[in-house]
Protein chains: 2
Amino acid sequence: MADVSGLTIAAVERDTGLSKDTLRVWERRYGFPKPLRDPSGERLYAADDVERLRLIKRLLDQGHRPGKVVGTAPAELLRLLEAHTPRTAAALPGSAECAALIDLLKLHRSDELRAMLSQTLLKFGLQRFVAEIVAPLNRHVGEAWLRGEIAVMEEHLYTELIQNTLRAAINAHAARGTRPRVLLTTFPDEEHTLGLLMAEAMLVPEGAHCISLGTQTPLSDIRMAAASGSFDIVALSFSSAYPVRQAVDGLLSLRDRLAGEVGIWAGGAGICGRQRSLPGIRVIAEIDDTLAALRDWHNAHLNS
Amino acid sequence: MADVSGLTIAAVERDTGLSKDTLRVWERRYGFPKPLRDPSGERLYAADDVERLRLIKRLLDQGHRPGKVVGTAPAELLRLLEAHTPRTAAALPGSAECAALIDLLKLHRSDELRAMLSQTLLKFGLQRFVAEIVAPLNRHVGEAWLRGEIAVMEEHLYTELIQNTLRAAINAHAARGTRPRVLLTTFPDEEHTLGLLMAEAMLVPEGAHCISLGTQTPLSDIRMAAASGSFDIVALSFSSAYPVRQAVDGLLSLRDRLAGEVGIWAGGAGICGRQRSLPGIRVIAEIDDTLAALRDWHNAHLNS
DNA sequence: GCCATTAGTTTGTCCAAGACAAAGCGTTGA
DNA sequence: TCAACGCTTTGTCTTGGACAAACTAATGGC
């Protein structure tokens, strides 16, 4: 069955994180992507092209320059990706569990998957579960998805089951009145919720008092919430799909409008390595760093 | 303190949720907002205008039309917001708990709110908790939000806490190999997850074997998932914000492409009352009807 | 009286090409 | 080693026109 209809430019923006303006200017400058047009002249992107755009996005995030990679054939792109990721499939503590979980996911054995997640959580404890199981799993699933080894259904199922597991664990805690008070959320257009839940799962066992607003809170509401709730820290999460520029702008603007004694933490693949351009903001490069950041906060507030 | 610098159009988009295109076309058509320009001709929006835009956005969400409210003075806008009529508060079972929960929400007592949700869940049982507490609460929160009585933060917090509670309850069940096998998800552009969780929470205690893909699964992937997983039922949820036309089209298209023995259930405010135009699809008008639908399915499959 | 069509209006998104600022890169000089 | 400079790349903003999708209002059965 030939899929006659392609994706609109808005859909591609949503799926790749590349702005409409960027997509149009790339077409003009580099000749790619060159979408078909519908009867009224609007762009229709082929699924293959979107796939390739995702590869390109990946390379840009790794530091490649658009002029070099937009317009390069997919095979070469893959080679570049491989070249840059001498990822150690090393024997990390939970890599056996990881592999087993991925296998279950690909077989759609959702019952066993859920059971094994719960079991692994009990075995490792919440924090190590997040750092040593969920974080690597996220990476694996994300990469497998880029390589087309994982279907949409599997990716959705994965997110859903992890979410159930983490939320159940978080909900079981009942910290009260402890410090610091942490407000967790994401900016608008950032709908990935897993990073947020992972952060919360790292913080809650330490006695931090977390209040999560879920995803997509407008900037002004974040400001209002932070001010009204006497929070010590506002924590934001950014996935790799989130436009870096937008993230940095938003964070600086938030830093500007928020009282100085309120800390701002920013984490996730979409913001990692940007500490330089974010004065007054604590960038959390890896999920483990959450604990380091928390320790720093405690050290800085021993007297109070 | 004269604020020389205004907000860029990108910042306003982030803060208000109105797209750059929309902001420019409003300026052209209605003469508002009329931002200053920086030396290179780029728009700089005044803080007051952004505030007014946020008011306008609220009114649009209530159903007002742009032509009527963009260009109207702030005082008049506030009057319109006030004028929005409050609904009746009927005395249903569990309404005492509802009121108490709403009060806690407005006070931002998130700890107590979570505790009371867990407690109420235990008292009522999962199914009655969903039907008699969560469903009315949803309605109340939704209406209060339209009236401006509830801040964005409170609405987000509410969704987040309910989600934690429901997912913890769902995750605690461990049904295996039972029937029917139900696939739950929503169409793309439908990001409301609560309806889906409520349905799952109604079904799981009955021994139904639920697999949820979360929100926003493309139609073709729903079809593939349904076919590959030997499901008995595909359940879709539609919030009131979802365009009816799109829902009906999508459902009929899905019905067309799916094997006849696979049932399709459609529920939520966005689709209720449309049974007539949806042959071959079970429309679930109220959350309680989920159980009736399940009973019907069992009756029709006694022999197998 | 109640739906279903149809026609008319409103409204958001898309397009084009040009312009330019911000960021990256490379060179020079202290 | 690092600061300052110019050159190149790259993403965002601009304008005005166009049009499809959504909404409203009017019309025509049953």
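Proteins come first, then strands; the chains are lettered A, B, ... in the order of their sequence lines, and each starts at number 1. Please read all numbers here as calculations on a predicted model, not as lab measurements.
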Going by the rule side chain to side chain donor-acceptor pair (under 3.5 Å), which residues pair with H156(A) if we only count those two or more places apart in sequence or in a different chain?
T217(B)

Nearest-nucleotide 5' precedence on DNA chain C, R65(A) against S19(B)
S19(B)

Quick one: salt bridge (charged side-chain N to carboxylate O under 4.0 Å, His left out) partners of R65(A), sequence neighbours excluded?
none

Got a sec, which residues hit salt bridge (charged side-chain N to carboxylate O under 4.0 Å, His left out) with E160(B), two or more places apart in sequence or on another chain?
R167(A)

Could you give the start and end, 5' to 3', of the contact zone on DNA chain D for chain B, using atoms under 4.0 Å from its heavy atoms?
dC13(D) to dT24(D)

N/O (side chain, R28(A)) to phosphate O (OP1/OP2, dA16(C)) under 4.0 Å
no

Would you kindly give the NZ-to-C1' distance between K20(A) and dA16(C), to the nearest whole Å?
16 Å

Just to verify, what does A269(B) make a side-chain contact (heavy atoms from CB on, under 4.5 Å) with, not counting sequence neighbours?
S240(B)

Output the rounded distance in Å from CD1 (I9(A)) to C1' (dA16(C)).
12 Å

On DNA chain C, does the nearest nucleotide to A10(A) precede the nearest nucleotide to V25(A) from the 5' side, or the other way round? Give the residue.
A10(A)

Applying side chain to side chain donor-acceptor pair (under 3.5 Å), can you list everything that pairs with E42(B), at least two apart in sequence or on another chain?
none

For D296(B), what residues pass the side chain to side chain donor-acceptor pair (under 3.5 Å) criterion, not counting sequence neighbours?
R282(B)

Under the salt bridge (charged side-chain N to carboxylate O under 4.0 Å, His left out) test, which residues partner E155(A), sequence neighbours left out?
none

Hits for salt bridge (charged side-chain N to carboxylate O under 4.0 Å, His left out) against R58(B), two or more places apart or cross-chain, chain-then-number order -> none

Who passes side chain to side chain donor-acceptor pair (under 3.5 Å) against T8(A), sequence neighbours left out?
none

With each end axis built from five pairs of C1' atoms, what bend angle do you get for the helix from dG1(C)-dC30(D) to dA30(C)-dT1(D)? Round to 10°.
40°

Pairwise N/O distances under 3.5 Å, protein to nucleotides 2-8 of chain C:
unit_1, atom_1, unit_2, atom_2, d
dA4(C), OP1, R276(B), NH1, 3.1

